[in-house]
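Beneath this line is the structure, given in structure tokens, with notes to follow.
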Amino acid sequence: MSSKKKAGIVLGILCAITALFILIPTANKNEDIKSESQRNEREFSEADSSHAVERETAAKSEDAAEHETEGIDPNDKKDEILIFETVKGNKIETEYIPIDHKFYLKIPKNFEQLDYDIITQKYSGDIPDMVFSNEEANINVAISLTENRIKNSQIDAYTDYMEQLFSNYCEVVDTNSYTIGNYNVGQIKLISDAVDTQIYNNMIYFSYHDKLIIVAFNCTEKLMDEWMDAGDFIIDSLAFEE
């Protein structure tokens, strides 16, 4: 799978998230993104072969160690109910939800899983396969189980590539690469512009059987202060079936 197509998938997910809030980016910006993706295709290929060694540095290893998950048994955790308290003192009750028999995520119990028909109505572009949303639909967890091929060894370089691409159009808050068992996980946090607000996005992506999986937490800027840490809590809960 080419880097251009991989970039298009993640960009498509970001545009779909924006569409959920009925906020549509301008056509010119979309054309600029497409052109930038084409220009950077060769750079990603080069990065894929060069960054594997760089990611073994002590600084990266120390950061990754904070996220290292050892001995996770999803079968023990999938029925566990966990509570997260926001900075405003609101308690969010969560439980592990199995995702397509591949992995588990903590999802707030008061979030509703949207029917696929509703997803296709609310999203545009590369629509996600699963969406969990609060009642107001301004906080979401979107999951895309793509058929697009990417190797586990490509995730680190892909993170660098996506940071370069997104930084031209969004405020990139943070990027990270870490491991869960044998899986490399890339992460990018960003704030994207929309018509009358901004959207905070916390996205992770990884290779499962050489196919790209994307998990995205997002909320409106108004809810960012209260829900940013809660988004970390959800995203960091990733646990694999195997």
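When a residue number appears, it is its place in the shown sequence, counting from 1.
Of all heavy-atom pairs spanning L223 and I139, the tightest one is CD1-CG1, 3.6 Å. Listed here is the closest heavy atom pair of I191 and C170: O-CB, 3.5 Å. Summarising the geometry of A216 relative to M203, their closest heavy-atom pair is CB-CG, 3.6 Å, with the distance given to 0.1 Å.
Contact of the L105 side chain with the I143 side chain is registered, since non-hydrogen atoms from C-beta on lie closer than 4.5 Å. When side chains are defined from C-beta on, V131 does not count as touching V141, because their heavy atoms never get closer than 4.5 Å.
Taking the six-membered ring where tryptophan is involved, the planes of F217 and Y200 are perpendicular, since the angle between them exceeds 60° and thus also 30°. Classification of the F206-Y183 ring pair by plane angle, with boundaries at 30° and 60°, yields perpendicular.
By the 4.0 Å N-to-carboxylate-O rule, K106 lies too far from D236 to be salt-bridged with it. Electrostatic pairing of D210 and K151 does not count as a salt bridge here, judged by no charged N lying under 4.0 Å from a carboxylate O.
Between the side chains of D156 and N184, no donor-acceptor pair is found at a separation under 3.5 Å.
Judged purely by atom type and a 3.5 angstrom limit, Y96 uses its side chain to pair as donor or acceptor with the backbone of S237.
Test L190, D160, T159 against T175 for side-chain contact (heavy atoms from CB on, under 4.5 Å) and you get one pass: T159.
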